[in-house]
Amino acid sequence: MQSMGIERVESSDAELVCRVRAGDIGAYGALVSRYRDRLGRYARHMLGDREDAEEALQDSFVRAYRSLARCDDPARFGAWLYGILVNRCRTTGARAARRRRMFVRDADALQGAARADQSERLEWTDAVDRALARLAPEYREAFLLKHVEDLEYEAIAELTGAGVSALKMRVKRAREQLQRYLREAEHV
Amino acid sequence: MFEHEEDVVQRVVQQLRRPVAIDPALDARVMQAIAKPEPPARSIWPWLAAAAVLVSLIIWRPWSRSAEAESATFQFVLVAPQATSVSLVGDFNDWDPKRSPMRTANGIWATVVQLAPGRYRYAYLVNGAEWRADPGAPTVPPPDDEFGKPSSVVTVGGKGS
């Protein structure tokens, strides 16, 4: 049933992309606002570090804006943007690995760990972060896109360039390894 | 007793699907960044031109030619991806564009000429009208620059040089 009164009607991705292409930079702000949380979550879990994740996210938004002419299907702007972020996270992740950074415990987790009333939940949060970080990047990527971002294998294949069979194997291995790592940490 | 794998995965996924904190200022930073003009892309063409000249010099090695040789073969190369025609003109062909037309492969134009020892002024004639000096060679200093257009100079060593 439709309610009476004023309803906020959100513009579709395609409409916003067309407005941006026509010179309405402000319309891009709506796209950033629409995708920031979901993409930010992926980047954060993929990279394990808040600063790296925000840098990758910001860079992806800026790159997407500057390459908007190459977005063939404006209705699928989100998927296209995801592809840019996935690639950006790969680059940042490889760089972080070269720096041999410890990227499991970010500042939030350390701060939170001090709060006794949330200790059990934070312990679990920390254990999940650590287990996730121990996965090979391609396993972590496949697991996050499949189970956390809830994408179909075909969509993940399009984003990552990997075949569906390889992706299924990566997700399977990721699930097995997560269970093993959490068991080692005695959380399951 | 351990949890079943599916239960573990569900708990992990539930945890990972929680919202994460993103800097509220990120949106503003993005909008600020896109409002700035895009930095110009660094062109590879000058480097490619220099590399082409270097390669041609290495292949033909004009400096290692026998002092007895009366003439040597030189390859002239110009990178001009936008050009539709390029000719080599110079003292050695009476500045006649028909005598040394250049051939292209992917925007790299090249031709080969025989040069006896001596000093030659030359240039490239692009699209039949645009006169260009060789970016990989010395330019002709005034007053030798008699045509009032940019041109380059090549010196071919001979006996006793």
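The sequence lines fix the lettering, A, B, ..., with proteins before strands; numbering per chain opens at 1.
The distance from atom CD of Gln58(A) to atom CE of Met31(B), rounded to the nearest 0.5 Å, is 12.0 Å. How far CD of Gln15(B) is from OG1 of Thr125(A): 3.5 Å, rounded to the nearest 0.5 Å. We find the CZ-CG distance between Arg50(A) and Asp23(B) to be 6.0 Å, quoted to the nearest 0.5 Å. Rounding to the nearest 0.5 Å gives a distance of 13.5 Å between CZ of Arg38(A) and CD1 of Ile22(B).
In this structure, the side chains of Leu26(B) and Leu57(A) come closer than 4.5 Å at one or more pairs of heavy atoms. No side-chain heavy atom of Tyr42(A) sits under 4.5 Å from any side-chain heavy atom of Leu16(B). Side-chain atoms of Val20(B) and Asp37(A), non-hydrogen and from C-beta on, never get closer than 4.5 Å to each other. Within the 4.5 Å cutoff, no side-chain heavy atoms of Ile34(B) are placed close to those of Phe61(A). The shortest distance between side-chain heavy atoms of Arg41(A) and Arg18(B) does not fall below 4.5 Å. Tyr28(A) has its side chain out of reach of Asp27(B): every pair of non-hydrogen atoms, C-beta onward, lies at least 4.5 Å apart.
Atom CD of Glu6(B) sits in a crowded spot, with more than 12 heavy atoms from other residues, nucleotides or ligands closer than 6.0 Å. By the neighbour-count criterion of 12 heavy atoms within 6.0 Å, atom CD of Gln14(B) is sparsely surrounded, having that number or fewer from other residues, nucleotides or ligands. Other residues, nucleotides and ligands place no more than 12 heavy atoms under 6.0 Å from the CD atom of Glu152(A). The neighbour count for Arg29(B) CZ, taken as heavy atoms of other residues, nucleotides or ligands under 6.0 Å away, is above 12.
Shown here for Val12(B) and Trp124(A), the closest heavy-atom pair between the two residues is N-CZ2, 4.0 Å.
Note: the hydrophobic cluster containing Met169(A) does not contain Tyr153(A) (ILVMFWY, side chain heavy atoms under 4.5 Å, direct or indirect links).
Ion pair Arg17(B)/Glu149(A) not flagged as a salt bridge, since none of the NZ, NE, NH1 or NH2 atoms sits closer than 4.0 Å to an Asp/Glu carboxylate oxygen.
Proximity to chain B is limited to the side chain of Tyr65(A), based on heavy atoms less than 4.5 angstrom apart. Val128(A) touches chain B through its side chain: at least one heavy atom from C-beta onward sits under 4.5 Å away, while N, CA, C and O do not.
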Point to revise | Working for side-chain contact (heavy atoms from CB on, under 4.5 Å), residues Val8(B) and Leu182(A) | key: CA-CA 9 Å; Val8(B) 175; Leu182(A) 288 166; 3.8 Å; yes

